[in-house]
Amino acid sequence: MRQDRIDFVHNSERALADPTLHSSVRRAMVRFRELQRPVIGEIEEWQALREYAHRVKLHTLSHLDQYLEQLERQIVAAGGQVHWVRDGAQAGRVIADLARSRDDRTVVKSKSMTSEEIELNQVLEAAGCEVVETDLGEYLLQLAGDRPAHIIAPAVHKSKDAIAKLLAEKLGVPVYDDAERLTRVARDALRRKFLAAGVGITGVNFAVAETGTIVVVENEGNARLTTSLPRVHIALMGIEKVIPRLADLGVFLTLLPRAATGQRMSSYVSLLTGPRRAGERDGPEEFHLVIMDNGRTAIQADPVMRESLACIRCGACLDVCPVFERTVGHAYGSVYSGPIGAVITPLYQGLDVAGELPFASSLCGACGEICPVKIDLPRLLLELRARVVQAGGASWAERLFVRGWVATMARSGRLRLVAPIVRLLHRAVARTGIPLPYPFSRWTQFRELPPPARSSFRERWPFAAVGRRR
Amino acid sequence: MRVALFVTCLVDQLFPAVGEATVSVLRRLGVDVQFPEGQTCCGQVAFNDGFWPEAARLAQKFIKDFDDSDAVVAPSGSCVAMVREFYPVLLRDESALADRVRALGRRTYELSEFLVDVLHREDVGAHFPHRVTYHASCHGLRGLHVTTQPLRLLAAVRGLELRPLPGVEECCGFGGMFSVKFAALSGSMLDAKIGAIESTGAEVVTATDSSCLMHIAGGLSRRNSPVRAMHLAEILAAQ
Ligand code: SF4
């Protein structure tokens, strides 16, 4: 896992320096927003559903042990096996052992952020398996040796030209320029892998405790093939993915696709309960569910931050974020990017590593407004900022500025004394252009300072205003 | 009706004309405007930057300063959002204050919200013969749900031609310390906002928050743009 401090200022400036990156990512994000708006707008009870989903998630999170054990019982009863793992390393070992024990070491994988989180591909490859990502975007990234830039659109930062060149180089096909042709090339390559694979690995969108059913939502059909063609299916989930009842699934399946891709329903929703049973024609011979903690119980135990575990990884908060659209996922130094990444990466990796992320937001609130499970993202960012400052994470200049500000504002008498002095300085700056101290120096890189006022409002009161205008 | 004006620190020190305009609009509608002179700053700057104990000091002061007012009106959505939405968060450990904090939040209004929702006035007798575009400040819009109120007020201004702003709900990139800590990002957001403003052909851009307008105005003047930034109160005060 990464230990270096995540330098978001630097990363974002590097992203901004790429002239095409912002415009092409923005185009994709605006497209998402335009698709989301009508299908969210048509659900009259959208706010009530968000609220309901939020409550279901928070209820589950405060009874996690109970629901996870119920899930285990149901899965075992359905003929599956459950593996509890503490962290990514242990998950990697368990999955690698399961995969290695087969003669056929080709592993096909459908898209799973949890597996990205623990860099599962590297672990499996080190164990001698051939791993193939089968989601188109993930497949392209795997060929390019790249990491996902967006929770649900992992290759959003890759242009069509770059994809054409990549496929030509890696698969020895001509450089095609139409998207359909390119997709077909990738699909042909993937079909062969599906037929050869002995193990299929998926993530889990929801795991229903009541029935032991895991739910996988996707649009390409690759997850369905991953769970039905190979002899073994391994599903990897974080502990927060469990929901109590099948009846609640309908609410989540209303919220998720609308927020994620602006679809009323995803193209493929697979509900899987254990392996193939006697008399059934498809499905794997073995089903394994790997239930992973990897830092989640610590968040669960934190009453303020717990709601971040309600996230259903729809990616909508990224789509509406003006900062994400300009920096793209990699700048966040973790597989989880955008507003939710800025909340959970500091929780997983520590404030000393990722303490800058919660500050990388203008607090415009667009994320909190769109989130389908009503996670109050702006407030969580603020809460984390307070923790960073409390832990001594603010620079001395910043501390000086804020403490000076607050000391001045603490008494109106002080403000009356200090303000004329500041105004004098302000006028001198406006006239002579003398260099400014932090934070004003950074302000003037991109905008002018406002002109100095002749006097303050409080000095003009009570004679001000009646009939007077500028 | 009596209201206490919370002029906000920014307007007090940098844009006193916005405060005067606010008073003049309210007085025109027959409101008795008081100015509690002990007031300073709601603490938003410190709170947003993570300095919560410091912000709490200013919040406590604000509560004292405005404790015996019937209604508080401020020409700033973000300061009102601070009081209404974030004081309860900031002061959650001060259980003795909880009721006062909530009550204060309920009777503190952003100007356009007060005019339209409380006074039920849309036509405030203003005359402003210019092309105007309106930017929806984030905290007013998403924190307070100030959506149509400013537009309804503007629609009733005589002579005013309203030009819709593309991406009206997109942030201008200010965000307090965000604008200096992540200056390049903030500057890129500002660029987009200014491009949108200029595309409307408006002479004036307006909003309900002087902080966003200060940011936008700073960008406009850096680009030598002829567009002027004016607070909604200043347009409503014009006759
Ligand atoms: S935080 Fe909310 S909007 Fe963001 S990915 Fe998670 S569920 Fe979606």
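Residue numbers begin at 1 in each chain, while the letters A, B, ... track the order of the sequences. Keep in mind that what you see is a predicted model, and the values were worked out from it rather than measured.
Contacts of Ala15(A) with chain B are absent, with no heavy-atom separation under 4.5 Å from either backbone or side chain. For Val406(A), the parts lying near chain B are the backbone and the side chain together; criterion is any non-hydrogen pair under 4.5 Å. At a 4.5 Å heavy-atom cutoff, Ser395(A) makes no contact with chain B through either its backbone or its side chain. Only the side chain of Leu190(B) comes within contact range of chain A, with heavy atoms under 4.5 Å apart. Thr444(A) touches chain B through backbone and side chain together, each having a heavy atom under 4.5 Å away. With a threshold of 4.5 angstrom between heavy atoms, Trp443(A) approaches chain B through its backbone and through its side chain. Heavy atoms of Leu16(A) lying under 4.5 Å from chain B belong exclusively to its side chain. Only the side chain of Leu58(B) comes within contact range of chain A, judged by heavy atoms closer than 4.5 Å. For Thr22(B), no part sits under 4.5 Å from any heavy atom of chain A, backbone or side chain. Heavy atoms of Glu13(A) lying under 4.5 Å from chain B belong exclusively to its side chain.
Within residues 38-51 of chain B, the residues that have a heavy atom under 4.5 Å from a heavy atom of chain A are Gly38(B), Gln39(B), Thr40(B), Cys41(B), Val45(B), Ala46(B), Phe47(B), Asn48(B), Asp49(B), Gly50(B), Phe51(B), listed by number. Close approach to chain A, defined as a heavy atom under 4.5 Å from one of its heavy atoms, is seen in Arg142(B) of residues 141-148 of chain B, taken by number. Among residues 373-383 of chain A, the residues having any heavy atom closer than 4.5 Å to a heavy atom of chain B are, in sequence order, Arg379(A), Leu382(A), Glu383(A).
Heavy atoms of other residues, nucleotides or ligands lying less than 6.0 angstrom from CZ of Arg228(B) number 12 at most. Enclosure of atom CZ in Arg31(A) is not indicated, since only 12 or fewer non-hydrogen atoms of other residues, nucleotides or ligands lie within 6.0 angstrom. Atom CZ of Arg414(A) sits in a crowded spot, with more than 12 heavy atoms from other residues, nucleotides or ligands closer than 6.0 Å. Residue-environment remark: CZ (Arg37(A)) stays at or below the threshold of 12 foreign heavy atoms within 6.0 Å.
For the set Arg26(A), His426(A), Gln390(A), the entry with the most heavy-atom pairs within less than 4.5 Å of chain B is Arg26(A). Note: Ala184(B) leads Cys172(B), Ala184(B), Gly187(B) in heavy-atom pairs under 4.5 Å with chain A. Listed options Ser361(A), Ser12(A), Pro322(A) were ranked by heavy-atom pairs under 4.5 angstrom with chain B; first place goes to Ser361(A). Between chain B and the options Leu449(A), Val320(A), Leu415(A), the largest number of non-hydrogen pairs under 4.5 Å is found for Leu415(A). When the candidates Lys61(B), Gln60(B), His139(B), Arg57(B) are compared by the number of heavy-atom contacts under 4.5 Å with chain A, Lys61(B) comes out ahead. Highest contact tally toward chain B, considering only Ser441(A), Pro358(A), Gly365(A), is held by Gly365(A) [criterion: heavy-atom pairs under 4.5 Å].
To the nearest 0.5 Å, the span separating CZ on Arg458(A) from CG on Asp12(B) amounts to 4.0 Å. Between the OG atom of Ser188(B) and the CD atom of Glu325(A) there is a distance of 7.5 Å, given to the nearest 0.5 Å. Rounded to the nearest 0.5 angstrom, His22(A) NE2 and Asp191(B) CG are separated by 10.0 Å.
Contact detail for Ser456(A) and Pro16(B): the closest heavy-atom pair is C-CB, 4.1 Å. The shortest non-hydrogen separation linking Arg460(A) to Ala17(B) is NH1-N, 4.5 Å. Counting all heavy atoms, side chain and backbone alike, Leu14(B) lies closest to Pro451(A) at CD2-O, 4.3 Å. Minimum interatomic distance between Phe359(A) and Phe182(B) (heavy atoms only, all atoms of both residues): O-CE1, 3.2 Å. Shortest non-hydrogen contact noted between Ala183(B) and Arg447(A) is O-NH2, 4.0 Å. Across all non-hydrogen atoms, the minimal contact from Phe178(B) to Ser362(A) is CD2-CB, 3.6 Å.
The shortest distance between side-chain heavy atoms of Leu5(B) and Phe457(A) falls below 4.5 Å. With contacts defined as side-chain heavy-atom distances shorter than 4.5 Å, the pair Trp461(A)/Val7(B) does not qualify. Using a 4.5 Å heavy-atom threshold, the side chains of Val180(B) and Phe401(A) count as separate. In this structure the side chain of Pro450(A) reaches within 4.5 angstrom of the side chain of Phe15(B), judged on heavy atoms. Counting heavy atoms from C-beta outward, Trp52(B) and Arg385(A) have side chains that stay 4.5 Å or more apart.
Pairs of residues two or more places apart, or lying in two chains, that qualify as salt bridge (charged side-chain N to carboxylate O under 4.0 Å, His left out) and include a residue from residues 387-409 of chain A are Asp302(A)-Arg387(A), Glu398(A)-Lys181(B), Arg403(A)-Glu54(B).
Taking 4.0 Å as the cut-off between side-chain N and carboxylate O, Glu170(B) and Arg33(A) count as a salt-bridged pair.
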